[in-house]
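Just so you know, ligand 1 is whichever comes first in the structure, and atom 1 is the first atom listed for that ligand. For this chain, numbers begin at 1 and follow the sequence in order.
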Amino acid sequence: MKHRIGIYFAYWTQEWDGDFIYYIDKAARLGFDTLEICPANLIGQPEEKYRAIRRAAEDAGLDLTYCIGIAPQYDISSEDAAIRRKGVAYQKQLIDIVEKMGGGPIGGILYSCWPGAFTRGITDKRPWWERSVGHMRELASYAEDHGVTLCMEVVNRFENILLNTAEEAVRYCREVDSPACRILLDTFHMNIEEDSFEEAIAAAGELLYHFHIGETNRKPPGLGKMNWDTICGALRGIGYTGHVVMEPFVRMGGTVGGDIKVWRDLSGGCDENGLDRMAADACRFIRDMLG
Ligand code: MN
């Protein structure tokens, strides 16, 4: 099966919001099959907006996928029951919106929050884990009924405490035990935490539902030292057929630059046309690598 290759819209933006229809057309024109967007700011928008985005994607022949780092005030692993309750309601709103746009995967730090809450001196994360699993069971069951798959993004230690390796994510998904609770691996985070790309991808196996790619410094794939032969070979090895979405961040500034901690220009001084060319090149590169 041909892999669906995508890009996260915030490559081009300084905020976690934008004119998604503009980026749908751009991504399709640059050769992508998928555009990933952040659903946070779609909450409370008029129904017509969801229909328009869905129609634009259908017209462009593009799939939509979604990614979000849940804000701390909606953390379902929180020690505060009121925050957990708000978190469950918040994610149900996201699921409702994504259903209206045609369903599909929502990935990210759904099991906790971003950036993760760090409390000094903790050597046992089980209470956070257990609260998270409990609420994720309810959310996954809700997602199942609404054509949405929740993908737990495994991230590095500097961004969250709960799921830092594929092995932990497998254990988490088994505890939640729902077909709507699956794994998202990201080469940027794997590079920091995993012993081996092949072993991590193999460990996730059939639970791997979504995949993020990027270089170690978050440049587009092909511009750094990641071993794409190994990574793409491992994806083929498990018969992965999901989306492969690049998540490059190369420019300073705005909320995106600050949250991602881009402290130098990694774009080579590109204007928007230059960014477009770099994205199109990375899309071709990864399509060749995936075979
Ligand atoms: Mn990612």
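Counting non-hydrogen atoms of other residues, nucleotides and ligands closer than 6.0 Å to CZ of Arg236 gives a total above 12.
Within the protein, the N, O or S atoms sitting under 2.8 Å from the Mn ion (ligand 1) are Glu153 OE2, Asp186 OD2, His212 ND1, Glu247 OE1.
Comment: Arg171 engages Glu167 in a salt bridge, judged by a side-chain N to carboxylate O separation of less than 4.0 angstrom. Ion pairing between Glu272 and Lys26 holds under the 4.0 Å rule for side-chain N and carboxylate O. Look at Glu48 and Arg51 and you find a salt bridge, because one of the NZ, NE, NH1 or NH2 atoms lies within 4.0 Å of a carboxylate O, short of that distance. Comment: Arg137 does not engage Glu175 in a salt bridge, judged by the lack of any side-chain N to carboxylate O separation of less than 4.0 angstrom.
Listed by first then second residue, pairs satisfying salt bridge (charged side-chain N to carboxylate O under 4.0 Å, His left out) with a partner in residues 114-127 read Asp124-Arg126, Lys125-Glu168, not counting sequence neighbours.
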